[in-house]
Amino acid sequence: QLQLVESGGGLVQPGGSLRLSCAASGFTLDYFGIGWFRQAPGKEREGVSCISSSGSTTNYANSVKGRFTISRDNAKTTAYLQMNSLKPEDTAVYYCAALRVQGVCSMSLRYDFWDFWGQGTQVTVSS
C-alpha cells in the first residue's frame, strides 16, 4: 500500500522544539517534492514549508521563517520538519504531502494537487 506515515507530534511548552517525520511506505521519495501544511481548529489549511525532490530548493511561510527547517533524507525515504521556538499559534494538525515532480517546491492548498498525503499529526504548544 502506498502512503505517507507521519510521526513526531505531541505536546510541548512555548519555546520548545519538535521534529516531525514523514516517511514513505511502498515507494521512495527520490522524485517527489514535499510540502508541509497545518490546520488549526476553525481555520483553513495553510502551507508551512516545501522542499524540492533534490532538496536544493526550500520555502517557508513568513510565520515560521527562522524557526522551522525542512529537510529530507532520500536514502531513508523520509522528510522532516524541525520546529524550534514553538509558539501557541503553531498549534495545529500538521500534514505532509508528496508530488511526483522534480525541481518544484510547492505549497499548493489544493488537496488533489498532491499524489500522496500523510494522516496528520497533532502539535499542541501550551504552557
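Count residues from 1 along the sequence.
Between L20 and M83 the shortest side-chain heavy-atom distance falls below 4.5 Å. Contact of the Q82 side chain with the S17 side chain is registered, since non-hydrogen atoms from C-beta on lie closer than 4.5 Å. Side-chain contact check for L4 versus W117: every heavy-atom pair is 4.5 Å or farther apart. Side-chain contact check for W36 versus E6: some heavy-atom pair is nearer than 4.5 Å.
Residues V12 and Y94 fall within the same hydrophobic cluster, defined by Ile, Leu, Val, Met, Phe, Trp and Tyr side chains chained together at heavy-atom separations under 4.5 Å. In the hydrophobic cluster analysis, where Ile, Leu, Val, Met, Phe, Trp and Tyr join through side-chain heavy atoms closer than 4.5 angstrom, V5 is grouped apart from I70. There is no path of hydrophobic side-chain contacts, each under 4.5 Å, that joins I51 to V101.
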Could you walk me through whether R45 and Y111 pass the side chain to side chain contact (heavy atoms under 4.5 Å, CB included) check? CA-CA 10 Å; R45 183 172 63 254; Y111 187 86; 4.3 Å; yes

Step by step, would you call T124 with Q122 a side-chain hydrogen bond (donor to acceptor under 3.5 Å, both in side chains)? CA-CA 6 Å; T124 302; Q122 176 70 49; 3.3 Å; yes

Walk me through whether Q3 and Q119 qualify under side chain to side chain contact (heavy atoms under 4.5 Å, CB included). CA-CA 9 Å; Q3 62 180 2; Q119 80 283 4; over 6 Å; no

Please determine whether side chain to side chain contact (heavy atoms under 4.5 Å, CB included) holds for the pair D90 and R38, giving the CA-CA distance in whole Å, both sets of side-chain angles, and the decisive distance to 0.1 Å. CA-CA 9 Å; D90 295 318; R38 66 186 182 186; 2.9 Å; yes

Let me see the working for V48 and L81 under side chain to side chain contact (heavy atoms under 4.5 Å, CB included), right down to the final yes or no. CA-CA 10 Å; V48 176; L81 185 67; 4.2 Å; yes

I'd like to know whether S54 forms a side-chain hydrogen bond (donor to acceptor under 3.5 Å, both in side chains) with S56, so could you lay out the CA-CA distance, the side-chain angles of the two residues, the decisive distance to 0.1 Å, and finally the verdict. CA-CA 5 Å; S54 68; S56 62; 3.0 Å; yes

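Between the side chain of E46 and the backbone N or O of Q39, no donor-acceptor pair lies under 3.5 Å. Checked by atom type and distance alone, the side chain of T91 pairs as donor or acceptor with a backbone atom of P88 at under 3.5 Å. Checked by atom type and distance alone, the side chain of D73 never pairs as donor or acceptor with a backbone atom of T78 at under 3.5 Å. Looking only at distances, no side-chain donor or acceptor of N84 sits under 3.5 Å from a matching main-chain atom of G66. Side-chain atoms of T121 come within 3.5 Å of backbone N or O of G9 as a donor-acceptor pair. Between the side chain of R72 and the backbone N or O of S52, at least one donor-acceptor pair lies under 3.5 Å. A donor-acceptor contact shorter than 3.5 Å links the side chain of S49 to the backbone of N59.
Y60 OH to F68 CZ: the interatomic distance, rounded to the nearest 0.5 Å, is 10.5 Å. A distance of 10.0 Å separates CG of L11 from OG of S127, quoted to the nearest 0.5 Å. Here the CD1 atom belonging to I34 is positioned 9.0 Å from the CG atom belonging to L99, to the nearest 0.5 angstrom. Note that CG of L2 and OG of S25 are 8.0 Å apart. Values are rounded to the nearest 0.5 Å.
Residue pairs meeting the disulfide (SG to SG under 2.5 Å) criterion with at least one partner in residues 74-127, sequence neighbours excluded, are C22-C96, C50-C105.
Of all heavy-atom pairs between A40 and A92, the closest is N-CB, 3.8 Å. Shortest non-hydrogen contact noted between L29 and N74 is O-OD1, 3.9 Å. The two residues G47 and L109 have their closest heavy-atom pair at N-CD2, 3.7 Å. Looking at every heavy atom in both residues, A98 comes nearest to F32 through CB-CD2, 3.8 Å. The heavy-atom pair separating Y95 from G120 by the smallest distance is CD2-CA, 3.5 Å.
When ring centroids are compared, F37 and W114 come within the 6.0 Å threshold.
Counted within 6.0 Å of CD on E89, heavy atoms from surrounding residues, nucleotides or ligands total more than 12; the atom is thus considered enclosed. Y31 OH: 12 or fewer foreign heavy atoms inside a 6.0 Å radius.
For the pair R19 and Y80, the cation sits on the ring face: its NZ or CZ lies under 6.0 Å from the ring centre, inside 45° of the axis.
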